[in-house]
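Because only heavy atoms are used, hydrogens play no part in the values below, and waters and symmetry mates are left out as well, while side chains stay in. Start at 1 and go down the list; that is how both ligands and their atoms are numbered.
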Amino acid sequence: MKELGTGGEPGKVASTVAGEVAGASGSPLDLLRGENARLREQLDSAQEQLSGLRTQFDRLLSEARLNQAKLRRFDQIERQLIAAPSLTALVQALLVDFGVLFELDAVTLALVDPQYEAARVLSEGWSESAQAALDDAETQNQTQTSAEPPAASLASLASRDSRSERHATEPSAGTDWFARLLLLGSGQLLSQIYTRGWRPMLGSPDPNQAALFQGVNVRGLGSTALLPLLHRGECIGSLNLGSRDSARFSAGNSTDFLERLAALAAICLDNALVAERLKLVGLTDALTGVHNRRYFEARCLEEVKAAQRSRQPLVCLLLDVDHFKRINDNHGHPAGDAVLREVGQVIRGQLRGNDVVARYGGEEFVLLLPNTPLQGGVETADRIRLAIASAAMPVQTEQDTPLHITVSLGAAQMDMEERKPVAEAGDAAPRRSTPVESMKRLVQQADQALYAAKQAGRNRVQSAQ
Ligand SMILES: Nc1nc2c(ncn2[C@@H]2O[C@H](COP(=O)(O)OP(=O)(O)OP(=O)(O)O)[C@@H](O)[C@H]2O)c(=O)[nH]1
């Protein structure tokens, strides 16, 4: 820079040159030429340096801009994780929004879930999002053309999504996140993969890690990043990212951003699970471990709405233990309690995953069977009746003989075409019942059928007319 300054001051150059000319032996013109060449060289080198600095500056500036954009996106996803109102919303933010925001070609999530808590909550959440997607598809179908075939059923939508091998963040019906969720009974698989400690693993896809990328075409990925989700020193899962770009994740990359995101995701996931557990405690019957009446009423309303939307049949069963008072009287109240617990377990064992059983009160249980016609509901009711009759109750009898009990059941199917009579509704014309009215009527009909079963001699199933 010093030379640059000297070369830039013509007055000084002239006086220096004049001095040199006076005392030098060569021709003044040659001397001037030599000096000129030297100055030119200095100028060229200074310009070269300047352009190098400019390039460096441009690179730093674009890096800073990229980092700023990256920070903004991290900030956005972090806010989304913190604000997620439920475990389902949180998992969707990680599996869908995160991938879109960071232009990833695959995002999967493995969670250690030994008690099947996350599995239960997330499968319910998935069913709701799949149903919403189905409704959207139906609306679109209807607006496009009424001659098109009806939208795919929930089951076919599920199997289509879980079989899909497309890139994870490609547009889908909004339901494929569930296929990219791996719920593990233990932490064994993660211990086998993170052999060098719970640290992010970046690099080219490793066939040993394929189990973490279920639902994704791993062959199409150029690089992957596995982020262990650590909470209180334990690994509760793994967030797995994939890119077609082989240079996107490499072993030498800084992992600060990713580690911070993984730490936040782990805390949010743990909090969401605790919140779901608390919710469940408030919705579970303490004696039998099945749901309580509060849960049933909320869920029944949802199922009635879903049945009205999808026009799928919905059956309600009411079950009452026969002569239960005698059990209490003959064997004591704790024996009665043990019988109720056993009845709850036997019922649960006879139902499908999305069926609902709740203790309705006393020795009465209520069941909801979605997507089931009345005939199927009656068959299920009879299967439950027989299973209970053949089960030995966990009660010590005086004769040391197993205690057997019987139950009576009433079955009713929700009426899709149910309309309120004009006079009752106070409307100008008959209108469709509201979900609350339909729900009340459904339970009332099951109760009347149960009463009829009791009247007809107990240990039987009666369906509503
Ligand atoms: N052990 C126990 N008993 C209960 C519980 N809740 C209600 N009960 C008893 O269940 C009995 C129900 O008796 P009833 O309504 O007369 O009916 P039942 O004896 O089952 O006769 P039917 O229903 O007509 O076959 C009452 O004695 C209640 O006190 C409970 O949580 N634990």
Side-chain angles (χ1 to χ4, degrees), residues 278-300 315-351 355-369 374 377-413 439-465:
L278 281 177
K279 241 191 268 174
L280 194 66
V281 168
L283 298 173
T284 304
D285 173 54
L287 175 67
T288 59
V290 300
H291 288 300
N292 60 17
R293 187 166 176 161
R294 207 171 110 211
Y295 174 88
F296 168 77
E297 280 168 357
R299 178 73 188 269
C300 186
V315 162
C316 176
L317 304 177
L318 268 176
L319 176 152
D320 188 280
V321 181
D322 295 331
H323 300 301
F324 186 67
K325 191 171 178 308
R326 284 189 208 159
I327 303 170
N328 273 339
D329 293 347
N330 296 343
H331 307 281
H333 215 267
D337 286 354
V339 165
L340 291 178
R341 263 194 296 272
E342 182 66 17
V343 168
Q345 290 314 305
V346 175
I347 297 172
R348 191 67 275 174
Q350 297 293 321
L351 297 180
D355 292 338
V356 179
V357 54
R359 186 166 172 218
Y360 204 53
E363 79 291 15
E364 209 171 353
F365 291 82
V366 64
L367 290 81
L368 270 183
L369 313 178
L374 187 58
V378 169
E379 283 164 16
T380 304
D382 212 44
R383 210 173 57 234
I384 292 170
R385 181 185 70 81
L386 292 171
I388 291 174
S390 63
M393 292 295 132
V395 171
Q396 188 73 36
T397 62
E398 274 174 18
Q399 302 79 24
D400 263 349
T401 50
L403 177 72
H404 285 282
I405 62 158
T406 62
V407 294
S408 301
L409 296 106
Q413 182 188 327
M439 177 177 90
K440 282 187 181 162
R441 176 118 189 88
L442 177 66
V443 178
Q444 197 180 35
Q445 284 178 332
D447 194 37
Q448 282 164 359
L450 171 62
Y451 180 76
K454 291 275 183 184
Q455 292 302 103
R458 299 181 175 80
N459 189 20
R460 68 195 61 225
V461 177
Q462 180 72 47
S463 64
Q465 296 311 312

ask   = Is the backbone N or O of Q350 less than 3.5 Å from a side-chain atom of R383, with the two atoms forming a donor-acceptor pair by type?
value = yes

request  = Identify which one of R460, K454, R385 satisfies the salt bridge (charged side-chain N to carboxylate O under 4.0 Å, His left out) criterion when paired with D322.
outcome  = K454

inquiry  = Geometry only, no angles: is F324 polar-contacting ligand 1 at N/O separations under 3.5 Å?
reply    = yes

Which of the ligand 1 atoms, numbered from 1, are nearer than 4.0 Å to a heavy atom of D322 = 25 (O)

key: Verdict with reasoning, D355 to R348, per salt bridge (charged side-chain N to carboxylate O under 4.0 Å, His left out)   = CA-CA 9 Å; D355 292 338; R348 191 67 275 174; over 6 Å; no

task = Check ligand 1 against L340 and write out every atom of the ligand that is under 4.0 Å from a heavy-atom position of the residue.
result = 30 (C), 31 (O), 32 (N)

remark   = Honestly, for H331 the part within reach of ligand 1 (heavy atoms, under 4.0 Å) is neither

query = Hey, is R326 close enough to D329 for a salt bridge, meaning N to O under 4.0 Å?
reply = no

ask   = By number and element, which atoms of ligand 1 are closer than 4.0 Å to a non-hydrogen atom of G336?
value = 1 (N)

inquiry  = Within ligand 1, which atoms have a heavy atom of H333 less than 4.0 Å away?
reply    = 1 (N), 2 (C), 3 (N), 32 (N)

ask   = Is it the side chain (CB and beyond), the backbone, both or neither of V321 that lies under 4.0 Å from ligand 1, heavy atoms counted?
value = backbone

inquiry  = Checking side-chain polar atoms at under 3.5 Å, does S408 have a donor or acceptor matched by the opposite partner on D320?
reply    = no

Audit row: E297, R293, salt bridge (charged side-chain N to carboxylate O under 4.0 Å, His left out) steps and yes/no = CA-CA 6 Å; E297 280 168 357; R293 187 166 176 161; 3.3 Å; yes

message = I need the minimum non-hydrogen distance between V346 and A391, along with the two atoms involved.
response = CG2-CB, 4.3 Å

Shortest non-hydrogen contact between Q462 and A453, atoms and distance = CB-CB, 3.7 Å

note = Checking heavy-atom distances from atom 23 (O) of ligand 1 to each of K454, Q455, H323, the winner is K454

message = When you measure from atom 26 (C) of ligand 1 to the protein, is at least one non-hydrogen atom found at a distance under 4.0 Å?
response = no

ask   = Given R458, K325, E364, E363, which one has a non-hydrogen atom that is nearest to atom 17 (O) of ligand 1?
value = E363

query = So is R341 in contact with ligand 1, going by heavy-atom distances below 4.0 Å?
reply = no

query = With backbone taken as N, CA, C and O and side chain as the heavy atoms from C-beta onward, which portion of D337 lies under 4.0 Å from ligand 1: side chain, backbone, both, or neither?
reply = both

task = Starting from atom 6 (N) of ligand 1, find the nearest protein heavy-atom neighbour and note its residue, name and distance.
result = G362 CA, 3.3 Å

query = Quick one: nearest non-hydrogen protein atom to atom 30 (C) of ligand 1, plus distance?
reply = R359 NH2, 3.4 Å

ask   = Crowded around Q455 CD? As in, over 12 foreign heavy atoms under 6.0 Å?
value = yes

inquiry  = Checking a contact table here: which protein heavy atom is nearest atom 3 (N) of ligand 1, and how many Å away?
reply    = N328 ND2, 2.8 Å

query = Applying a 4.0 Å heavy-atom criterion (strictly less than), which segment of R326 is in contact with ligand 1: side chain, backbone, both, or neither?
reply = neither

task = Kindly give the heavy-atom pair with the smallest separation between R294 and G282, and that separation in Å.
result = NH1-O, 3.4 Å

